[in-house]
Amino acid sequence: MARPRYAQGDPRGPERFINAFWQVLATKPYERMTVRDVVAAADMNKNSFYYHFTNLDDLAEDAVADLPLQQIRAAFLAGEPPRSIAARTLSTDDGEERLRRVRLLASRNGTALTPLLERLLIETWAQNEDSHTAALSTDDEIALNFVIGGMLTIHRRTNEAEAIPALLNFLGSALGQACLARLQHIGEATE
């Protein structure tokens, strides 16, 4: 079979499937999503899907890993205020779309994917500048799980308009400041 032809600027196969994944996740829970759903939304064929991905879980992992987790970690470790991080993230061309994707993972549509996002966030936080994963102490791992789980709960419990203000209010509270300090401590310990 011949390779598909793309017009200049058109997204390639993997990117089309990742975009289709998010499109389908917005309409149905991951547990009910099928490869056929993604293939139809991408306007591609199953052979192309299986050329790029082993299965739906493989696609989900790539889609979630495409979120800007390293940039968020770097901003927190640089001591940037949460409002500045939020403003910078949302001001990018795809910032609102990426936030919408995080919300999809934290919502009822992505409940099976929430552990994947949590795992990738923890792995990202435990990496040093050379992308080597450092061993976290049990206390640091528990603290990281607690903070990440709490922030995802804010997304799960709020609507789109309330999410950023609620997250910023939490981070401005005494508990939020303690969580930020612990995140910075963990991040600095892995450097």
Response to the item:
CG of L117 to CG of L120, rounded to nearest 0.5 Å, is 7.0 Å
Worksheet item: What are the two closest heavy atoms between L183 and V147, and how far apart are they?
Response: CD1-CG1, 3.7 Å
Item to complete: Give a yes or no answer on whether the side chain of T153 reaches the backbone of G149 with a donor-acceptor pair at less than 3.5 Å.
Response: yes
Worksheet item: Hey, is CG on N159 packed in by over 12 heavy atoms from elsewhere, all under 6.0 Å?
Response: yes
Worksheet entry | 4.5 Å side-chain heavy-atom contact, V38 and M44 | no
Discussion item. Side chain to side chain contact (heavy atoms under 4.5 Å, CB included), that's the test. Do L171 and M151 meet it? Break it down for me.
Written reply: CA-CA 9 Å; L171 293 174; M151 290 185 184; 3.4 Å; yes
Worksheet item: Between atom CD of E118 and atom CG of L144, what is the distance when rounded to the nearest 0.5 Å?
Response: 10.0 Å
Practice prompt. Give a yes or no on whether F146 atom CZ has more than 12 heavy-atom contacts from other residues, nucleotides or ligands under 6.0 Å away.
Written response: no
Worksheet item: With a cut-off of 6.0 Å (strictly less than), are more than 12 heavy atoms of other residues, nucleotides or ligands near CZ of R157?
Response: no
Practice prompt. Would you give the length of the straight line joining atom CD1 of I148 to atom CD1 of I122, rounded to the nearest 0.5 angstrom?
Written response: 4.5 Å
Discussion item. If I compare all heavy atoms of I154 with all of A166, which pair ends up nearest, and what's the gap?
Written reply: CG2-CB, 3.9 Å
Worksheet item: Is there a chain of hydrophobic side chains (I, L, V, M, F, W, Y, each step under 4.5 Å between heavy atoms) that links I142 to L136?
Response: no
Practice prompt. Would you indicate whether the side-chain heavy atoms of I186 and E141 approach each other to under 4.5 Å?
Written response: no
Worksheet item: Between L104 and F21, is any pair of side-chain heavy atoms under 4.5 Å apart?
Response: no
Worksheet entry | Donor on one side chain, acceptor on other, Y30 and D57, under 3.5 Å | yes
Worksheet item: Between atom CG of L56 and atom CD of E31, what is the distance when rounded to the nearest 0.5 Å?
Response: 10.5 Å
Fill in: Nearest-0.5 Å distance that lies between atom CZ in F49 and atom CG in L59
5.0 Å
Worksheet item: Distance from L25 atom CG to D37 atom CG, nearest 0.5 Å?
Response: 11.0 Å
Worksheet item: With the threshold set at 4.0 Å, does a side-chain nitrogen-carboxylate oxygen contact exist between D140 and R182?
Response: yes
Worksheet, complete the sentence: All heavy atoms of A20 vs all of A42, minimum pair found to be CB-N, 3.5 Å
Practice prompt. Might you point out which heavy atoms bring L113 and A60 nearest each other, and give the distance in Å?
Written response: CD2-CB, 3.8 Å
Fill in: R16 side chain to D43 backbone, donor-acceptor under 3.5 Å
yes
Practice prompt. Could you state whether V24 and Y50 fall into the same hydrophobic cluster, counting links through intermediate Ile, Leu, Val, Met, Phe, Trp or Tyr residues with side-chain heavy atoms under 4.5 angstrom apart?
Written response: yes
Worksheet item: When the ring planes of F53 and F17 are compared, do they come out parallel, tilted or perpendicular, using 30° and 60° as the limits?
Response: perpendicular
Worksheet entry | Candidate pair H52 and D62, rule side chain to side chain contact (heavy atoms under 4.5 Å, CB included), full reasoning | CA-CA 11 Å; H52 296 291; D62 279 9; over 6 Å; no
Response to the item:
Heavy atoms of Q177 and G172 approach each other most closely as NE2-CA, 3.9 Å
Discussion item. I need the minimum non-hydrogen distance between R119 and E61, along with the two atoms involved.
Written reply: NH2-OE2, 2.9 Å
